[in-house]
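Please read the structure below before turning to the comments.
Sequence lines set the chain letters: A, B, ... in the order given, protein chains first and strands last, and positions in each chain run from 1.
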Amino acid sequence: MEIGTRYEPKGMEMKWYKNWLEKGYFTPKGSGPKYCIVIPPPNITGRIHMGHALNITIQDILSRYKRMQGFDVLWLPGEDHAGIATQTAVEKFLSTQGKSKRDFSREEFLSIVWDWANKYRTEIKNQIMSIGASVDWTRERFTLDEGLSKAVRKVFVELYKKGLIYKGKYIVNWCSRCGTVLSDEEVEYQEEEGTLYYIRYPIKEEDDFVIIATTRPETMLGDTAVAVHPSDDRYSKYVGKVAILPLVGRELPIIADNYVDPSFGTGALKVTPAHDPHDYLIGQRHNLPFVDIFDENIVVNENGGKFKGLTAEQARKAIVEELELQGYLVKVEKLKHSVGRCYRCDTVIEPRLMDQWFVSMKPLAKRATEAVEQDEVKFVPERWKKVYLNWMYEIRDWCISRQLWWGHRIPVWQCHDCGHYNVSESEITKCEKCGGVNLKQDEDVLDTWFSSALWPFSTMGWPEKTADLERYYPTDVLVTGFDIIFFWVARMIMMGYEFMNEKPFREVYIHQLVRDKYGRKMSKSLGNGIDPLEIIDEYGADPMRFTLAILAAQGRDLKLDVKFFDTYKKFANKIWNATRFVLMNLDDFEKLDINYEELSLVDKWILSRLHKAIQKVTQSLDSYDFNIAAGEIYNFFWDELCDWYIEAVKNRLKKSHRRLVQNILVYVLDMSLRLLHPFMPFLTEELWTKLPTSGESIVIASWPKVNQAFIDEISEKRFNMIMNIIRGVRNIRAEVNLPQSTKVCTFVKGNLSEEEQEYIKFLGNVEDIQFVDQRPEQSATAYVSIDTEVYVSLGALIDVENEVVRLKKKVEKLKNDMEKFTKKLSDENFLRNAPEDIVEETKEKQRIFHEQIDRIEQIISDLEAKV
RNA sequence: GGGUGCGUAGCUCAGAGGGAGAGCGUCUGCCUUACGAGCAGAAGGUCGUAGGUUCAAGUCCUGCCGCACCCACCA
């Protein structure tokens with residue numbers, strides 16, 4: 001069968017993907033041992049990025065590997081409606097058309113977002129397909145599907161009934177751009193250079209004052225107290241007195257509270273209970289008034305008097321000017337402090353006192369914490385366990401209401417007559433408490449992560465008792481990045497135990513974050529993103545996948561440089577051409593029952609190497625060491641199979657060994673392609689199906705098993721020697737500047753079989769091998785071991801001085817290496833304490849070095865005698 | 001303040017108790033009929049630093065120096 005001369009991924013990939021879908025390989029059969037992964041649903045905000053590509057590649061490697069191992073694999077796909085992110089994206093889109101959300105009713109706006117969602121879902125689906133993901137599309141889910149929405153409502157209602165959901169007025173994080181509150185996790189803190197303002201607050205009816213320090217002078221409009229530490233002598237005389245708020249005139253009690261740090265600023269704190277979480281607590285403790293000075297756009301409201309209508313920033317400027325003018329401003333200092341910003345739009349977060357819905361987390365956290373402590377749910381790499389646990393130990397309540405339109409509307413109908421919250425899974429028209437019909441559903445939607453938390457079971461049909469839940473829950477592994485351990489992983493574990501009474505997954509594999517080649521986060525603003533679709537287009541999905549896999553060591557970051565893709569595209573091409581070579585030599589192929597004893601040395605060598613590779617790849621995949629698995633197959637295929645085995649058998653294919661060699665080649669190639677398939681599904685399918693021994697599809701081919709009978713240390717050792725002899729011969733040619741195409745003659749002291757001589761002649765480009773008792777004149781030393789020495793006849797080309805220098809260098813190196821062993825062996829403690837096999841091994845190595853050095857030194861002194 | 005990870009070849013990174021590895025880059029040869037997206041050969045490292053454990057330390061422990069990051073606090 002003929003194939004083209006170059007690896008060309010275009011066209012080939014989608015052809016196979018369609019074929020796989022038609023054959024239904026990705027839909028599990030529903031019987032036998034199962035393996036299940038649910039995909040982390042991508043947001044429908046746009047294109048997938050490299051992080052998704054890595055995430056999907058890893059899951060696909062696992063899925064395909066397990067499928068080949070005979071597991072009934074379900075990899076369940078879907079997308080996330082991504083509340084804030086999507087609404088922001090749509091609003092941005094509308095603004096390019098000169099429109100805004102306010103131009104539409106809620107229903108109209110939602111219909112626009114639904115169009116958007118449908119469009120991007122299709123696009124993302126295509127993108128996932130183009131990577132080659134073997135997901136079961138017949139089970140695709142979306143977080144806003146009716147079924148999943150039902151699950152969301154049921155969970156809300158049940159948590160409410162258990163008293164784990166409550167509504168209350170607390171300080172929350174407000175993003176004025178998004179127009180919604182955020183959970184604590186959605187706020188990202190950054191160190192920023194700020195200013196600390198020292199302001200004089202006069203004492204009422206006294207000619208005295210206290211100085212407070214603040215980074216946010218504008219919030220003084222909402223001050224309702226001044227606080228000092230109870231044991232701060234500097235201020236004890238003021239406690240109980242009243243300060244006058246400059247510019248405003250409000251009377252502020254001076255109170256003592258332990259929260260105040262006497263060493264910060266002046267040790268006196270202005271208390272703004274409505275705009276700072278700590279001040280809020282102080283306000284509660286001391287029963288202070290709460291004065292909210294901002295509206296929803298963080299513009300000063302009527303409580304700000306003459307500053308009304310100014311943004312926070314403008315207000316700060318105006319207030320500072322005014323303070324200075326009136327002599328209240330004492331001094332300003334630079335101060336580094338951290339500022340919270342919205343994780344979606346980077347707007348500065350304003351703490352505000354608002355009435356919101358919360359989930360009480362401590363009760364939910366209990367089992368989810370124990371489960372991870374006891375490794376019922378295991379983190380890989382293990383260090384993330386600690387990160388998870390630390391967060392769980394300190395868990396705080398979760399603000400789940402969002403002032404958005406896009407999402408799951410909160411299933412609460414408040415009665416206008418009696419104020420009762422009617423919490424219900426379905427629309428309610430009559431108040432269950434007072435019977436009134438004046439009900440209004442809560443305007444807010446739920447945090448997008450609320451539905452994500454249910455993903456492992458809601459996608460399988462919960463709350464119905466479905467066959468899928470029965471069979472596939474709990475899932476086997478969750479593959480995700482560390483950045484969403486708190487957002488998502490922790491919450492899934494909590495919800496899984498709460499509603500399924502069972503963990504959602506046995507293991508959590510945490511992979512790296514993909515960064516650019518300088519280690520920076522890939523972002524739109526930096527323009528340093530690498531678009532997986534462009535990479536697929538230019539290099540192919542298989543090389544991209546292989547690149548990501550081989551870089552996926554268990555670290556924190558994956559620094560990605562586009563040039564890596566080129567390297568592994570070359571590898572794909574190598575696989576392509578190696579297969580092409582094999583196929584070109586199969587015109588008269590006939591399958592043989594191979595008798596191992598009949599095999600030649602190279603055959604035994606490659607089979608041994610193959611089975612060791614099978615072992616290593618299998619073990620590495622079992623432990624999520626994708627980089628090791630990929631590296632192993634890369635080296636085996638390129639170095640051993642292509643550069644040695646195929647090179648060696650080129651000659652043998654012409655001879656009477658042809659049949660046998662064809663069979664070994666096909667076998668080794670077949671097994672190699674299977675090992676490669678999880679990494680490079682398209683290429684391996686394309687090539688494997690062309691092999692004479694192949695079946696219907698490599699997707700459903702069985703995973704290679706290690707056959708101990710093929711592991712043959714003796715043949716490996718012997719062929720290793722042959723390789724070293726050949727390298728030695730080539731080396732000498734390079735040393736004396738002979739082209740490798742120049743045939744040379746060699747002399748051998750020792751024993752080599754006919755077959756071994758054949759390899760040396762063919763691969764070393766050696767014309768003739770003569771056996772001798774000692775080194776002949778005018779020859780260079782290519783190889784020296786205890787029982788075998790190989791010399792290359794150079795005739796007049798030999799430069800004795802050069803040869804001496806070369807050998808001396810070699811001896812030097814050998815001596816250096818031997819030194820370590822000699823040292824060890826002369827150490828009594830080593831001999832006494834080291835395990836016997838190590839001592840023996842060391843002695844043996846030392847002996848080998850010693851003899852080699854002896855031999856070469858003798859050769860050197862012979863040569864020197866002649867000069 | 002609490003925690004995590006990382007310092008190994010010029011670059012990017014593997015390796016985690018017994019002779020320092022890969023890819024890229026560099027240098028030298030090769031128009032060898034599968035592949036120049038290739039083949040052969042070579043140069044290049046006191047494994048951040050100081051101690052400790054051990055017969056034996058890139059590898060385990062401790063301190064230090066650098067670089068990232070997470071959590072909490074930040075008037």
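Look at the P atom in both B:rC6 and B:rC13: the space between them is 13 Å, to the nearest Å. Rounded to a whole angstrom, the distance from the P atom of B:rU4 to that of B:rC64 is 14 Å. Separating the P atom of B:rG7 from that of B:rU49 is a span of 13 Å, rounded to the nearest Å. Taking atom C1' in both B:rA16 and B:rC11, the straight-line distance is 24 Å, to the nearest Å. Comparing the P positions of B:rA9 and B:rU62 gives a spacing of 25 Å, expressed to the nearest Å. Using P as the reference atom, B:rA43 and B:rC27 are 16 Å apart when rounded to the nearest Å. Taking atom P on both B:rU46 and B:rG21, the two are 15 Å apart, rounded to the nearest angstrom.
In this structure, of B:rC55, B:rA37, B:rC39, it is B:rA37 that holds the atom nearest to the side chain of A:Lys570. Out of B:rC35, B:rA37, B:rC73, the shortest distance to the side chain of A:Tyr7 is found at B:rA37. When distances are taken from the side chain of A:Lys559 to each of B:rA34, B:rU12, B:rC73, the shortest belongs to B:rU12. When distances are taken from the side chain of A:Lys824 to each of B:rA37, B:rC55, B:rG18, the shortest belongs to B:rG18. Side-chain atoms of A:Ile646 lie closest to B:rA34 of the nucleotides B:rA34, B:rC39, B:rC71. Listed candidates were B:rU28, B:rA37, B:rC70. Nearest to the side chain of A:Asn737 is B:rU28. Among B:rA37, B:rG38, B:rC73, the nucleotide with an atom closest to any side-chain atom of A:Lys574 is B:rG38. Looking at the side chain of A:Asn573, the nearest of the listed nucleotides B:rC35, B:rC71, B:rG18 is B:rC35. When distances are taken from the side chain of A:Arg580 to each of B:rA34, B:rA37, B:rA72, the shortest belongs to B:rA34.
A distance of 6.0 Å or more separates the ring centres of A:Phe209 and A:Tyr328.
Consecutive pairing runs in RNA chain B reach the stem threshold at B:1-7 with B:65-71, B:10-13 with B:21-24, B:26-30 with B:38-42, B:48-52 with B:60-64, where a stem means at least three Watson-Crick or G-U wobble pairs with distances under 3.5 Å.
The existence of a salt bridge linking A:Glu844 and A:Arg847 is confirmed by a sub-4.0 Å separation between a basic side-chain nitrogen and an acidic carboxylate oxygen. Salt-bridge check for A:Glu758 with A:Arg652: passed, with a basic side-chain N closer than 4.0 Å to an acidic carboxylate O. Using a 4.0 Å cut-off between a side-chain N of Lys or Arg and a carboxylate O of Asp or Glu, A:Lys10 and A:Glu8 do not qualify as a salt bridge.
A:Met544 CE to A:Tyr539 OH: the interatomic distance, rounded to the nearest 0.5 Å, is 12.5 Å.
Every residue two or more places apart in sequence or in another chain was checked for a ring-ring contact (aromatic ring centres under 6.0 Å, His included) with A:Tyr238, and none qualifies. Listed by chain and number, the residues in a salt bridge (Lys or Arg N to Asp or Glu O under 4.0 Å) with A:Lys654 amount to none (sequence neighbours excluded). Under the rule for a side-chain hydrogen bond (donor to acceptor under 3.5 Å, both in side chains), A:Asp279 has no partner lying at least two apart in sequence or in another chain.
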Discussion item. Is there a side chain to side chain contact (heavy atoms under 4.5 Å, CB included) between A:Ile575 and A:Leu673? Walk through the geometry before answering.
Written reply: CA-CA 9 Å; A:Ile575 298 167; A:Leu673 290 173; 3.9 Å; yes
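Judged by distance alone with a 3.5 Å cut-off, no donor-acceptor contact links the side chain of A:Arg733 to the base of B:rA40. With hydrogens and angles left out, the side chain of A:Glu647 and the base of B:rA34 share a donor-acceptor pair within 3.5 Å. A donor-acceptor contact under 3.5 Å is formed by the side chain of A:Lys650 with the base of B:rA34.
Residues A:Phe581 and A:Asp184 each lie close to RNA chain B; by heavy-atom proximity, the contact nearer the 5' end of the strand is made by A:Phe581. For the pair A:Leu551 and A:Cys642, nearest-nucleotide mapping onto RNA chain B gives the more 5' position to A:Leu551.
Residue contacts for A:Asn765: at a heavy-atom cut-off of 4.0 Å it reaches no nucleic acid atom on any strand shown. Residue-level contact check: A:Val260 touches the bases, meaning some heavy atom is under 4.0 Å from a base atom. The residue A:Ile838 sits close to a base: some heavy atom pair falls under 4.0 Å. Residue A:Asn585 is classed as having no contact, given no heavy-atom separation below 4.0 Å to the nucleic acid. If you check every strand for non-hydrogen atoms under 4.0 Å, A:Thr215 touches sugar and phosphate atoms only.
Judged by the 6.0 Å and 45° rule, A:Lys331 forms a cation-pi pair with A:Tyr198. A cation-pi geometry, defined here as NZ or CZ lying under 6.0 Å from the six-membered ring centre and within 45° of its normal, does not hold between A:Lys612 and A:Phe636.
For B:rG63, the base adopts the anti conformation, since its glycosidic angle falls more than 90 degrees from zero.
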Collect all protein-nucleotide pairs involving nucleotides 41-47 of chain B in which both atoms are nitrogen or oxygen and the distance is under 3.5 Å.
from: B:rA42; atom 1: OP1; to: A:Asn731; atom 2: ND2; distance (Å): 2.9

For nucleotides 3-10 of chain B, give me every protein contact, N/O to N/O, under 3.5 Å, one pair per line with atom names.
from: B:rU4; atom 1: OP1; to: A:Lys386; atom 2: NZ; distance (Å): 3.1

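Residue A:Trp638 places none of its side-chain N or O atoms closer than 4.0 Å to OP1 or OP2 of B:rA37. Checking the phosphate oxygens (OP1, OP2) of B:rA57, no side-chain nitrogen or oxygen of A:Lys820 falls inside 4.0 Å. Listed pair A:Asn833 / B:rC55 meets the phosphate criterion, a side-chain N or O lying under 4.0 Å from OP1 or OP2.
The closest side-chain donor-acceptor pair between A:Glu188 and A:Tyr343, if any, does not fall under 3.5 angstrom. Between the side chains of A:Trp688 and A:Asp670, at least one donor N or O sits under 3.5 Å from an acceptor N or O.
Of the listed residues (A:Trp384, A:Phe482, A:Tyr388), just one forms a ring pair (Phe, Tyr, Trp, His ring centres under 6.0 Å) with A:Phe379, and that residue is A:Tyr388.
When rounded to the nearest whole Å, the span between CE of A:Met392 and P of B:rA72 equals 15 Å.
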